[in-house]
Amino acid sequence: KQNGPALDRDAFRAALMAKGAYYHIHHPYQVDMAQGRSTPEQIRGWVANRFYYQINIPQKDAALLANCPDAATRRRWVQRLLDHDGYQENGGGIEAWLTLGEAVGMTREELWSQEHVLPGVRFAVDAYLNFVRRADWREGAISSLTELFAPEIHQSRLESWPQHYPWIDAAGYGYFRKRLNEARRDVDHGLEVALDICTNYQAQQRALDILQFKLDVLWSMLDAMSMAYQLGRPPYHSVTDERVYHRGLA
Ligand code: PQQ
């Protein structure tokens with residue numbers, strides 16, 4: 001990319017925020033869920049596939065910690081592991097997502113089995129984990145910045161889903177409620193890192209590319225779900241009705 005003038009702190013923050021235009025809140029699959037057009041099968045498909053994201057997030061954050069030589073940063077970042085994995089008697093986000101799974105009519109075993117996880121979703125999530133494994137921790141932190149836009153999507157689910165989907169047990173909504181505050185706190189830290197290190201044009205463009213990569217991850221997950229659950233074209237649909245796709249080699 002060409003060189004150019006650096007944006008000042010506020011203009012760079014605005015450029016990051018402008019990437020919200022490509023957030024998965026605008027994906028037709030997400031829009032259909034928010035507007036009450038999704039079938040129970042489509043909601044269940046989303047919950048089961050998103051579970052793969054949920055279980056990879058703490059591994060992603062552990063990878064970032066492993067790459068971070070700064071103790072003060074690790075002290076703050078480690079909270080994300082506790083948020084998702086839980087600690088002592090506190091259940092974390094993974095537990096809350098399993099409760100969401102039960103609320104939409106699936107068993108915990110069904111989620112853990114990964115039998116519903118589509119290859120396209122798996123590849124997208126794996127790309128995120130692998131990026132953070134290999135990246136400088138500060139670039140890893142920048143890749144979490146889609147969370148800038150997450151409180152709005154969690155809030156929208158809390159408002160619209162109970163209205164449209166009375167068949168979902170309200171006990172399932174704990175995850176979304178819990179993330180409202182956690183995401184805001186995460187974003188404060190991630191944004192601080194981005195604004196502090198991206199003080200020249202090239203670093204700023206690189207940060208915007210990293211954020212776009214992460215937006216691509218989230219969008220691609222929903223593309224795979226659209227094919228499978230809306231268009232009736234899951235992998236190998238032209239050959240078999242069986243879910244023959246692999247369940248992860250790790
Ligand atoms: N993103 C991260 C991350 O990149 O570290 C962690 C989370 C997200 C979560 O814990 C979420 O719950 C979450 N939820 C959504 C969503 O439901 O739309 C999106 C995102 C995101 O933007 O990456 C996260």
Side-chain angles (χ1 to χ4, degrees), residues 19-57 93 96-129 146-147 149-170 172-173 175-176 179 212-248:
K19 285 285 188 187
Y22 311 113
Y23 196 49
H24 64 176
I25 197 169
H26 303 296
H27 193 289
Y29 200 93
Q30 200 91 244
V31 172
D32 284 340
M33 288 196 294
Q35 298 192 347
R37 287 193 292 265
S38 300
T39 65
E41 282 318 306
Q42 289 164 350
I43 302 262
R44 285 185 196 117
W46 178 77
V47 170
N49 276 272
R50 255 292 298 262
F51 186 64
Y52 189 63
Y53 191 69
Q54 301 309 128
I55 60 176
N56 274 277
I57 289 290
W97 199 273
L98 288 164
T99 302
L100 173 61
E102 290 173 324
V104 300
M106 284 181 298
T107 64
R108 303 163 73 90
E109 293 69 38
E110 205 175 344
L111 291 193
W112 278 122
S113 75
Q114 301 186 13
E115 66 191 275
H116 298 286
V117 178
L118 299 161
V121 169
R122 184 180 295 282
F123 297 147
V125 172
D126 289 353
Y128 183 30
L129 173 58
T146 47
E147 282 192 279
F149 319 116
E152 184 186 343
I153 204 169
H154 294 308
Q155 186 64 49
S156 127
R157 291 176 192 131
L158 286 167
E159 285 164 15
S160 65
W161 284 30
Q163 244 179 297
H164 296 309
Y165 309 112
W167 56 270
I168 299 179
D169 182 348
Y173 296 127
Y175 182 82
F176 303 137
R179 284 310 294 174
Q212 186 61 55
F213 156 76
K214 174 67 173 307
L215 291 161
D216 294 352
V217 166
L218 296 173
W219 196 273
S220 298
M221 291 169 66
L222 291 173
D223 280 350
M225 293 183 227
S226 300
M227 286 290 287
Y229 308 125
Q230 290 187 318
L231 304 176
R233 293 184 162 205
Y236 312 109
H237 66 95
S238 52
V239 182
T240 175
D241 291 334
E242 283 174 55
R243 296 194 292 258
V244 296
Y245 33 90
H246 76 295
R247 299 201 187 170

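Heavy-atom basis, side chains included; hydrogens, waters and symmetry copies ignored. Residue numbers count from 1 along this sequence.
Glu147 and Arg179 are joined by a salt bridge, as a carboxylate oxygen and a charged side-chain nitrogen come within less than 4.0 angstrom of each other.
Between the side chains of Gln42 and Arg37, no donor-acceptor pair of N or O atoms lies under 3.5 Å. Side chains of Asp126 and Tyr52: a donor-acceptor N/O pair is present below 3.5 angstrom, by distance only. Defined by atom type and a distance below 3.5 Å, a donor-acceptor pair is missing between the side-chain atoms of Gln163 and Glu159.
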For residues 228-236, tabulate all N or O donor-acceptor pairs below 3.5 Å that involve a side-chain atom, not counting sequence neighbours.
| residue | atom | partner | partner atom | Å |
| --- | --- | --- | --- | --- |
| Tyr229 | OH | Asn49 | ND2 | 2.9 |
| Tyr229 | OH | His116 | O | 3.3 |
| Gln230 | NE2 | Asp32 | OD2 | 2.9 |

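Within the model, atoms CG of Leu215 and NE2 of His24 stand 9.0 Å from one another, a figure rounded to the nearest 0.5 Å. Considering CG of Leu100 and OH of Tyr175, their distance stands at 10.0 Å, rounded to 0.5 Å. Here the CG atom belonging to Leu98 is positioned 10.0 Å from the CD atom belonging to Gln54, to the nearest 0.5 angstrom. To the nearest 0.5 angstrom, Leu158 atom CG is 11.5 Å from Ile153 atom CD1. Distance CZ/Arg243 to CD/Glu115: 4.5 Å, rounded to 0.5 Å. To the nearest 0.5 Å, the span separating CZ on Arg157 from CE on Met33 amounts to 6.0 Å.
Of all heavy-atom pairs spanning Phe213 and Ala127, the tightest one is CZ-O, 3.6 Å. Shown here for Phe149 and Gly20, the closest heavy-atom pair between the two residues is CZ-N, 3.3 Å. Scanning both residues, Tyr53 and Met221, for their nearest heavy atoms gives CB-CE, 3.9 Å.
Contact annotation: the side chain of Leu218 never approaches that of Tyr128 to less than 4.5 Å [non-hydrogen atoms, C-beta and beyond]. You'll find the side chain of Glu102 stays beyond 4.5 Å of the side chain of Leu111, heavy atoms only. Contact annotation: the side chain of Val104 never approaches that of Tyr165 to less than 4.5 Å [non-hydrogen atoms, C-beta and beyond]. Residues His237 and Met227 have side chains not in contact (no heavy-atom distance under 4.5 Å, counting atoms from C-beta outward). Looking at heavy atoms from C-beta onward, His26 lies out of side-chain contact with Gln30 at the 4.5 angstrom threshold.
In this view, Tyr22 satisfies the ring pair (Phe, Tyr, Trp, His ring centres under 6.0 Å) rule with no residue, not counting sequence neighbours. Under the ring pair (Phe, Tyr, Trp, His ring centres under 6.0 Å) criterion, Trp46 pairs with Trp97, Trp161, sequence neighbours left out.
Not one N or O on the side chain of Ser220 forms a donor-acceptor pair closer than 3.5 Å with the backbone of Val217.
Taking the six-membered ring wherever Trp is involved, the centroid distance between the rings of Trp219 and His27 falls below 6.0 Å.
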Verdict with supporting geometry, Arg247 and Ser113, side chain to side chain contact (heavy atoms under 4.5 Å, CB included)
CA-CA 8 Å; Arg247 299 201 187 170; Ser113 75; 4.2 Å; yes

Could you go through the side chain to side chain contact (heavy atoms under 4.5 Å, CB included) check for Val121 and Met225 one step at a time?
CA-CA 8 Å; Val121 169; Met225 293 183 227; 4.1 Å; yes

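Environment of CD in Glu152: sparse, with no more than 12 heavy atoms of neighbouring residues, nucleotides or ligands closer than 6.0 Å.
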